[in-house]
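A short write-up of the structure that comes next.
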Amino acid sequence: MRRPAGRHTNLALLAMLSAALLTGFLAYGVGTAWGRWIVVAHGVAGLAIVALAPWKSVIVQRGVARRRPGFAASIALTALAAVAILTGILHATGLGVSVGPVTSLQVHVGAALAAIPLAVWHVLARPVRPRRTDLTRRNLLRAGTLLGGAALTYAAAEGLVRVTGLPGGERRFTGSYDAGSLKADALPVTQWLDDSVQRIDPLDWRLTLVTMAEVRELSYEEVGAFGDRIRAILDCTGGWYSKQDWEGVRLDRLIPEPGEARSVVVRSVTGYSRRLPVRDLSNLLLAVRLGGEPLPAGNGFPARLVAPGRRGFWWVKWVSHIETSAAPWWLQSPFPLT
């Protein structure tokens, strides 16, 4: 294949970086099986960026020689992109799941987020606008070759990881690794952003239920009297998952008649909350026991939400308040801000 011009390389990189960021954003929040294809697309976009690196290096060398304004920001963007790609590969293969006290996935996401403002600046400072003449047969073939080659490389890499027995072959479709499945005492303790583990006296705790028809409170003993059970996978965005047995009460028992409500808000004593669709009430569990024992404080005692098919940030801990709402469930930040 002939070496593409610098402008075409930059356009291709812009498209692949945009695709990688979009699919990464979606993959971070999807916990159901169809999300596998989003993860695959994310990996293909990343490998396409790697494939374009030799041609981009020629452009970078020219830029270094000229030392144009913003040189340092461009180098920082390149470094962050390299870190994101390297840590993504380390996580996917299992060769480096942890990087010191953090996971390689966390570094991968952090580097990508840090690169966004630099990428926006780079595009605005050095605009490369698509032209109608770019849609030639030759350029379309080049694009197809790039994406096809990246897809084949992705498939080959996945096969190699499994054949060689690397840890990455055992990861879930979300990219998460098993952490203590069916061993309640081995379930990791993590919080979203700035929450801390709460120590709550069950005698003082009350669950407040607010519907359009009434407001009522339940004690820990009353909630614990229910015996609904479910085996569900908690898939954390930190890069691990754990299958566990949970016991408590389904939300459709607590709210049997939601009326005209379109969503239900589940709130923690910390103020953390998530809004979920009313149609999911029968699939949501307010758990008070884990593996047959009361929840540990770090995992939500006295009660936490169990939301099968949703990533860990939906599983609200230390629940104190459940309220129906006329607002749609999607009327919230895709990811909690605190």
Side-chain angles (χ1 to χ4, degrees), residues 1-28 36-93 107-160:
M1 185 171 68
R2 291 176 58 190
R3 179 168 295 186
R7 199 177 69 83
H8 290 158
T9 297
N10 286 334
L11 281 173
L13 272 173
L14 177 60
M16 291 301 99
L17 282 169
S18 299
L21 288 171
L22 176 60
T23 53
F25 177 85
L26 293 174
Y28 208 54
R36 178 189 307 274
W37 298 109
I38 296 175
V39 175
V40 170
H42 183 67
V44 170
L47 289 172
I49 292 171
V50 173
L52 288 166
W55 289 291
K56 181 62 177 178
S57 67
V58 175
I59 302 171
V60 171
Q61 289 171 13
R62 292 200 299 262
V64 169
R66 281 179 277 182
R67 289 295 181 106
R68 292 189 293 177
F71 168 78
S74 297
I75 294 299
L77 174 59
T78 302
L80 287 170
V83 169
I85 290 170
L86 176 60
T87 50
I89 292 172
L90 289 174
H91 180 83
T93 58
V107 177
H108 174 75
V109 173
L113 291 175
I116 290 175
L118 292 174
V120 171
W121 167 84
H122 192 79
V123 170
L124 294 176
R126 296 174 173 80
V128 181
R129 295 179 178 85
R131 301 170 185 167
R132 188 173 299 177
T133 54
D134 291 330
L135 296 177
T136 64
R137 184 171 180 270
R138 175 180 293 176
N139 287 336
L140 291 176
L141 285 173
R142 285 172 172 168
T145 300
L146 173 67
L147 291 175
L152 288 174
T153 302
Y154 181 90
E158 285 291 304
L160 184 62

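These values consider heavy atoms only, across backbone and side chains, with no hydrogens, waters or symmetry-generated copies. Counting from 1, the numbers follow the sequence of the chain as shown. Everything numeric here is computed off the predicted structure, so don't read it as measured data.
- Atom OG1 of T23 is separated from atom CG of L21 by 8.0 Å, given to the nearest 0.5 angstrom.
- Of all heavy-atom pairs between A84 and A112, the closest is CB-N, 4.4 Å.
- If you take CZ on F25 and CD1 on I38, they are separated by 11.0 Å, rounding to the nearest 0.5 Å.
- The distance from atom CG of L17 to atom CG of L77, rounded to the nearest 0.5 Å, is 7.5 Å.
- In this structure, CZ on R138 lies 10.5 Å from NE2 on H8, to the nearest 0.5 angstrom.
- The two residues A20 and I49 come nearest to each other via the heavy atoms CB-CD1, 4.3 Å.
- Between Y154 and V39 the shortest heavy-atom distance is OH-O, 4.3 Å.
- Residue T78 holds its OG1 atom at 7.5 Å from NE2 of H122, rounded to the nearest 0.5 Å.
- Scanning both residues, G46 and I85, for their nearest heavy atoms gives O-CD1, 4.5 Å.
- Taking OG1 from T9 and CG from L52, the interatomic distance works out to 6.5 Å, rounded to the nearest 0.5 Å.
- When the side-chain hydrogen bond (donor to acceptor under 3.5 Å, both in side chains) test is applied to T93, no partner is found at least two apart in sequence or on another chain.
- Nearest heavy atom pair, residue A48 against residue A150, reads N-CB, 3.8 Å.
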